[in-house]
K.L.:
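Just dropping this structure here.
This one's a predicted model, so the numbers in the text were calculated from it and none came from an experiment.
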Amino acid sequence: KILKKYKLKSILEIGCGSGNLAPYFLKKGYDYTGSDLFKEMLDIAKEVEPKAKFIQADMRDLRFRKKFDGVIISGRSFTYLTTNEDVQNTLRSIYRILNKGGILIFDNFNAEKMINLKKKKFEQKSEYNGRKYRRVSIKSPNLKEGWTENWEATYYIEEKGRKTRAIKDKSTLRSFTKDELKLFLRLHNF
């Protein structure tokens with residue numbers, strides 16, 4: 001709805017990961033480019049949607065010849081920006097590659113709801129394309145750089161006829177208060 005409302009045509013998805021959103025954007029006729037920090041993720045994305053353009057890039061220092069009508073950062077990619085310097089470099093970098101009147105659409109963690117000063121364990125389940133996914137997460141406060149937490153997750157992937165795979169992921173993620181985000185955005189011309 002947002003993309004249609006603002007009549008966006010060219011889209012950069014930052015943190016595109018395995019490219020799951022690329023087919024949607026191409027099917028709807030957008031000039032789509034996906035970017036991710038990790039080549040391994042882009043290799044998967046190219047298999048998922050071979051018609052899409054994918055570029056390895058760090059959101060803190062985007063250098064494209066082309067400008068975009070919109071930049072999208074979905075999932076938890078923005079939450080990996082744990083320092084104020086990372087956030088500022090990213091917003092400065094995005095502003096530089098947006099067309100005049102372009103928009104930034106991003107997701108993040110709300111500190112008022114996410115931060116818990118106690119260790120917390122929780123589990124999430126989903127199914128997609130015949131696979132069952134289960135994520136068991138343990139979060140603990142970090143608070144070294146803003147509203148940060150250590151997040152240790154184990155992903156279990158079940159597929160018929162295959163042994164269940166377990167993938168471990170350890171991250172430090174940042175949550176933001178509404179006022180923090182407003183300030184960061186205002187400081188960088190959004």
Side-chain angles (χ1 to χ4, degrees), residues 1-3 6 11-22 24 34-38 40-42 44-45 56-62 68 70-98 102-126 128 133-157 166-190:
K1 288 180 182 178
I2 294 171
L3 302 179
Y6 292 96
I11 303 296
L12 172 66
E13 181 188 12
I14 295 174
C16 68
S18 59
N20 286 336
L21 294 179
Y24 169 81
S35 71
D36 203 278
L37 183 60
F38 299 103
E40 298 83 0
M41 296 307 290
L42 294 173
I44 297 168
Q56 188 173 1
D58 185 331
M59 67 179 134
R60 296 168 294 191
D61 187 29
L62 298 169
F68 299 88
V71 172
I72 297 172
I73 309 173
S74 63
R76 63 184 200 188
S77 296
F78 198 82
T79 67
Y80 287 107
L81 302 172
T82 59
T83 68
N84 290 348
E85 183 180 16
D86 286 345
V87 174
Q88 292 188 88
N89 287 340
T90 297
L91 293 175
R92 188 178 302 113
S93 178
I94 290 170
Y95 189 81
R96 185 174 54 235
I97 62 161
L98 275 174
I103 64 170
L104 165 62
I105 303 167
F106 66 103
D107 199 358
N108 69 85
F109 290 163
N110 181 342
E112 295 168 23
K113 295 183 179 183
M114 292 294 291
I115 296 295
N116 185 334
L117 296 179
K118 297 178 182 170
K119 193 173 191 177
K120 181 181 176 187
K121 183 176 181 178
F122 59 98
E123 184 174 323
Q124 296 164 299
K125 295 179 182 183
S126 67
Y128 181 73
Y133 298 90
R134 184 168 59 98
R135 178 173 72 187
V136 178
S137 299
I138 300 171
K139 290 182 3 174
S140 59
N142 179 305
L143 306 179
K144 288 180 185 169
E145 304 281 348
W147 297 107
T148 55
E149 295 179 289
N150 298 318
W151 190 324
E152 296 180 38
T154 304
Y155 296 84
Y156 298 94
I157 304 167
I167 301 167
K168 294 191 180 287
D169 177 26
K170 288 184 178 186
S171 304
T172 300
L173 304 175
R174 180 176 181 167
S175 298
F176 297 86
T177 66
K178 190 175 182 179
D179 288 338
E180 273 182 303
L181 283 177
K182 282 182 176 181
L183 178 59
F184 279 126
L185 290 166
R186 194 170 40 246
L187 289 171
H188 294 89
N189 302 312
F190 287 93

K.L.:
For A45, enumerate each residue passing the side chain to side chain contact (heavy atoms under 4.5 Å, CB included) test, keeping only those at least two apart in sequence or located in another chain.
P.N.:
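Per chain and number, A45 pairs via side chain to side chain contact (heavy atoms under 4.5 Å, CB included) with F54.
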
K.L.:
Between atom CZ of F176 and atom CG of L183, what is the distance when rounded to the nearest 0.5 Å?
P.N.:
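So the gap between those two atoms works out to 11.5 Å.
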
K.L.:
Are the side chain of S171 and the backbone N or O of W151 linked by a donor-acceptor pair below 3.5 Å?
P.N.:
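Flag not set: sc S171 to bb W151 has no pair under 3.5 Å.
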
K.L.:
Quick one: closest heavy-atom pair of S175 and M114, and the distance?
P.N.:
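In this case the closest contact between S175 and M114 is OG-CB, 3.5 Å.
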
K.L.:
Hey, mind stepping through L62 and I14 against side-chain contact (heavy atoms from CB on, under 4.5 Å) and telling me if it holds?
P.N.:
CA-CA 10 Å; L62 298 169; I14 295 174; 3.7 Å; yes

K.L.:
Quick one: CD on Q56 to CZ on F38, what's the gap to the nearest 0.5 Å?
P.N.:
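Between Q56 CD and F38 CZ, I get 9.0 Å after rounding to 0.5 Å.
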
K.L.:
D58 side chain to L37 main-chain N or O, any donor-acceptor pair under 3.5 Å?
P.N.:
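Checking the backbone N and O of L37 against the side chain of D58, no donor-acceptor pair under 3.5 Å is found.
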
K.L.:
Using side chain to side chain donor-acceptor pair (under 3.5 Å) as the criterion, list what pairs up with W147, not counting sequence neighbours.
P.N.:
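Side chain to side chain donor-acceptor pair (under 3.5 Å) check on W147 returns nothing, list empty.
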
K.L.:
Might you confirm whether atom CD1 of I2 has over 12 heavy atoms from other residues, nucleotides or ligands at distances under 6.0 Å?
P.N.:
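Atom CD1 in I2 is not crowded, with 12 or fewer foreign heavy atoms closer than 6.0 Å.
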
K.L.:
Once side chain to side chain donor-acceptor pair (under 3.5 Å) is applied, do any residues pair with T148, and if so which ones, sequence neighbours excluded?
P.N.:
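Here the qualifying residues are N142.
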
K.L.:
If we only count heavy atoms from C-beta on, is the I73 to I94 side-chain gap below 4.5 Å?
P.N.:
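Counting from C-beta outward, I73 and I94 do come under 4.5 Å.
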
K.L.:
Can you list the residues that meet the side chain to side chain contact (heavy atoms under 4.5 Å, CB included) rule with K121, with sequence neighbours excluded?
P.N.:
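K121: side chain to side chain contact (heavy atoms under 4.5 Å, CB included) contacts with V136, I138.
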
K.L.:
If you round to the nearest 0.5 Å, how far is CG of L42 from SG of C16?
P.N.:
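If we round to the nearest 0.5 Å, C16:SG and L42:CG are 5.0 Å apart.
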
K.L.:
Quick check for you: to the nearest 0.5 Å, what is the distance between I115 atom CD1 and L143 atom CG?
P.N.:
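Answer rounded to 0.5 Å: 6.0 Å.
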
K.L.:
Where do D169 and Y155 come nearest, in terms of heavy atoms and distance?
P.N.:
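So the two residues come closest at CB-CE1, 3.8 Å.
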
K.L.:
Taking only residues two or more places apart in sequence, or in another chain, which ones meet F184 in a ring-ring contact (aromatic ring centres under 6.0 Å, His included)?
P.N.:
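Residues passing ring-ring contact (aromatic ring centres under 6.0 Å, His included) with F184: none at all.
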
K.L.:
With sequence neighbours excluded, tell me which residues meet side chain to side chain donor-acceptor pair (under 3.5 Å) with S74.
P.N.:
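Result, side chain to side chain donor-acceptor pair (under 3.5 Å) vs S74: none returned.
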
K.L.:
Using the ring-ring contact (aromatic ring centres under 6.0 Å, His included) criterion, which residues pair with Y128? Sequence neighbours excluded.
P.N.:
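Y128 satisfies ring-ring contact (aromatic ring centres under 6.0 Å, His included) with no residue once adjacent residues are dropped.
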
K.L.:
Show every salt bridge (Lys or Arg N to Asp or Glu O under 4.0 Å) that has at least one partner inside residues 133-143, sequence neighbours left out.
P.N.:
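As it turns out, the salt bridge (Lys or Arg N to Asp or Glu O under 4.0 Å) pairs with a partner in residues 133-143, which skip direct neighbours, are E123-R134, K139-E149.
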
K.L.:
What pairs with F190 under ring-ring contact (aromatic ring centres under 6.0 Å, His included), at least two apart in sequence or on another chain?
P.N.:
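By the ring-ring contact (aromatic ring centres under 6.0 Å, His included) rule, F190 matches Y95.
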
K.L.:
Enumerate the residue pairs fulfilling salt bridge (Lys or Arg N to Asp or Glu O under 4.0 Å) with a member in residues 80-97, sequence neighbours excluded, ordered by first and then second residue.
P.N.:
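Every salt bridge (Lys or Arg N to Asp or Glu O under 4.0 Å) pair that includes a residue of residues 80-97, provided the two are not neighbours, is R60-D86, D61-R96.
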
K.L.:
What residue pairs, at least two apart or across chains, pass salt bridge (Lys or Arg N to Asp or Glu O under 4.0 Å) with a residue in residues 180-190?
P.N.:
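For residues 180-190: R174-E180.
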
K.L.:
Could you grab the distance from atom CG of N189 to atom CG of L98, nearest 0.5 Å is fine?
P.N.:
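It is 11.0 Å, given to the nearest 0.5 Å.
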
K.L.:
Would you compute the distance between atom NZ of K113 and atom OG1 of T177 and round it to the nearest 0.5 angstrom?
P.N.:
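So the NZ of K113 and the OG1 of T177 are separated by 13.5 Å.
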
K.L.:
Enumerate donor-acceptor pairs with a distance under 3.5 Å from any side-chain N or O in residues 102-111 to protein atoms, sequence neighbours excluded.
P.N.:
unit_1	atom_1	unit_2	atom_2	d
N110	OD1	E112	N	2.9

K.L.:
Does the side chain of V71 reach to within under 4.5 Å of the side chain of M59, using non-hydrogen atoms?
P.N.:
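They are not in contact (no side-chain heavy atoms under 4.5 Å apart), so the answer is no.
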
